[in-house]
**Student:** 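Got a structure for you, written out below as structure tokens; questions coming shortly.
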Amino acid sequence: MLNTPHAMILGTGRCVPEKVLTNSDLEKIVDTSDHWIIARTGIRERRIVEPGTSLSDLASAAAVNALDDAGVKAEEIDLIILGTVTGDMKFPATACMIQDKLGARNAVAFDVSAACSGFLFSLRIASAMMAAAGYRRALVIGAEILTSMVNWQDRDTCVLFGDGAGAVVLGPSVDNRGIIHCCLGSDGSCAKLLYNPGCGSINPPTPENAAAQLHTIHMAGKEVFRHAVTAMTNAMQQVLQEAGIAPDQLHLLIPHQANLRIIEAVAKRFDIPAEKVYVNVDRLGNTSSASIPIAIDEARRSGKIAPGNLVGMVTFGAGLTWASSVIRF
Ligand code: UT7
């Protein structure tokens, strides 16, 4: 059965860096090829920040766009949740930096660590806090500078990731529009399939650990791929079933943009035709927690989502974590 939404999306925004890193650029850095990258991932290029750009800069720019779009002032925001694993610093939370940059002095601000599922986890938390704790205007952001933890000598991973930020402003639901249902899941037994072992308290950033590249992304790609298809398919199935929605009722599916083959496998399982599946992995690569909110903003601004449309979202990432949601825009 369709749930009654508590929170709806009032506005969206995004910010991606101007600098483009193409597959041909990568051919000059590691032993790879444009042909291999496109065939195995669907990625043609990604955006990367210039040195000196902080995550809070990118995220604040996306947030300003979302606030403008929503017609909401920064002081009206009472909650800021940022999904990220590449914050400005280990502490304080980057959401606090964003609060300061925006002048959102009435907000409580914190970060959520759920890797590529960070945005949908944050959206779920925000909608629950609005339903149960009286928050009225929330800013939910997914933002990453993954290139800050890429090992540019590791061709298994360095071709996959890009930088960017996306944001939504939530307000109280009207006309049954908003977040209808969300499903979240985790499996810590597979944590070491995709992880960054350095910089934490187990492996502090010593010169030895830095030389061993412990501060970079380590991934067992094939296994992660297998888990991604299964977890995203199951999460999609669960959210549709629990909300009482058939796949063909979805106007658009926005899957996490990690690999075109994963996206196609999930869409095929639900018989969703390609024209109803949002894809930007070819232009942006995998931007982790930023991938879904960037896609939402692109889809809204290009007219692919209109008010009243039902949109499905599904993601998967390190943790392992996964999440799905159905939203009526
Ligand atoms: O964001 C959420 C989590 N992340 C993901 O969902 C990513 C999931 N994994 C994947 O997308 C895929 O596993 C990859 C794109 C990472 C790799 O594709 P694959 O089809 O699983 O390739 P593979 O790792 O099995 O490698 C096949 C071959 C290997 O060579 P041999 O052993 O067959 O001779 C690799 O060494 O391709 C080689 N290879 C490359 N060749 C050219 C691996 N990376 C590259 C590369 N360029 N960049």
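Just so you know, these numbers use all the heavy atoms, side chains as well, and skip hydrogens, waters and symmetry mates. A quick note: this is a predicted structure, and the numbers were derived from the prediction, not measured. Just follow the structure's listing: the first ligand is 1, and inside any ligand the first atom is 1.
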**Student:** Among all protein heavy atoms in this structure, tell me which lies nearest to atom 22 (O) of ligand 1, with the distance rounded to 0.1 Å.
**Tutor:** W36 CZ2, 4.0 Å
**Student:** Is the backbone N or O of R40 less than 3.5 Å from a side-chain atom of N259, with the two atoms forming a donor-acceptor pair by type?
**Tutor:** yes
**Student:** Looking at atom 34 (O) of ligand 1, is any protein heavy atom nearer than 4.0 Å to it?
**Tutor:** no
**Student:** For atom 3 (C) of ligand 1, is some protein heavy-atom partner under 4.0 Å away?
**Tutor:** yes
**Student:** Could any protein non-hydrogen atom be found less than 4.0 Å from atom 31 (P) of ligand 1?
**Tutor:** no
**Student:** At what distance is the nearest protein heavy atom to atom 25 (O) of ligand 1, and which residue and atom is it?
**Tutor:** K222 NZ, 2.9 Å
**Student:** List the closest protein heavy-atom neighbour of atom 6 (O) of ligand 1: residue, atom name, distance to the nearest 0.1 Å.
**Tutor:** I262 CD1, 3.4 Å
**Student:** Any side-chain donor-acceptor pair under 3.5 Å between T233 and R269?
**Tutor:** no
**Student:** So for ligand 1, is R261 a polar contact partner (N or O within less than 3.5 Å, distance only)?
**Tutor:** yes
**Student:** Does atom CZ of R44 have more than 12 heavy-atom neighbours, drawn from other residues, nucleotides or ligands, at distances under 6.0 Å?
**Tutor:** no
**Student:** Suppose we measure from atom 38 (C) of ligand 1 to each protein heavy atom; which comes out shortest, and what is that distance?
**Tutor:** R155 NH2, 3.6 Å
**Student:** Count the heavy atoms of every other residue, nucleotide or ligand shown that sit under 6.0 Å from CZ of R301, and state whether that count exceeds 12.
**Tutor:** yes
**Student:** Take atom 44 (N) of ligand 1 and look for protein heavy atoms under 4.0 Å from it; say yes if you find one, no if not.
**Tutor:** yes
**Student:** Could you identify the single nearest non-hydrogen protein atom to atom 1 (O) of ligand 1 and state the distance to 0.1 Å?
**Tutor:** N286 ND2, 2.7 Å
**Student:** When rounded to the nearest 0.5 angstrom, what is the spacing between CD1 in I38 and CG in D34?
**Tutor:** 4.0 Å
**Student:** Set out, in order, the CA-CA distance, both residues' side-chain angles and the distance that settles side-chain contact (heavy atoms from CB on, under 4.5 Å) for V279 and L260, then state yes or no.
**Tutor:** CA-CA 8 Å; V279 173; L260 186 59; 3.9 Å; yes
**Student:** Are F329 and F119 connected in the hydrophobic side-chain network, where two residues link if heavy atoms are under 4.5 Å apart?
**Tutor:** yes
**Student:** Does one side chain, of T287 or E144, offer a donor that lies under 3.5 Å from an acceptor on the other?
**Tutor:** no
**Student:** Suppose we measure from atom 20 (O) of ligand 1 to each protein heavy atom; which comes out shortest, and what is that distance?
**Tutor:** R40 NH2, 2.7 Å
**Student:** Could you check atom 5 (C) of ligand 1 against the protein and tell me its nearest heavy-atom contact, residue, atom and distance included?
**Tutor:** V224 CG1, 3.7 Å
**Student:** Could you pull out, from L160, N259, T287, the option with a heavy atom nearest to atom 10 (C) of ligand 1?
**Tutor:** N259
**Student:** Check whether T321 reaches the backbone of A318 with its side chain - one donor and one acceptor, N or O, closer than 3.5 Å.
**Tutor:** yes
**Student:** What I want to know is whether T32 and ligand 1 share at least one N or O pair that is separated by under 3.5 angstrom.
**Tutor:** yes
**Student:** Which residue and atom name correspond to the protein heavy atom nearest atom 9 (N) of ligand 1, and how close is it?
**Tutor:** G221 O, 3.0 Å
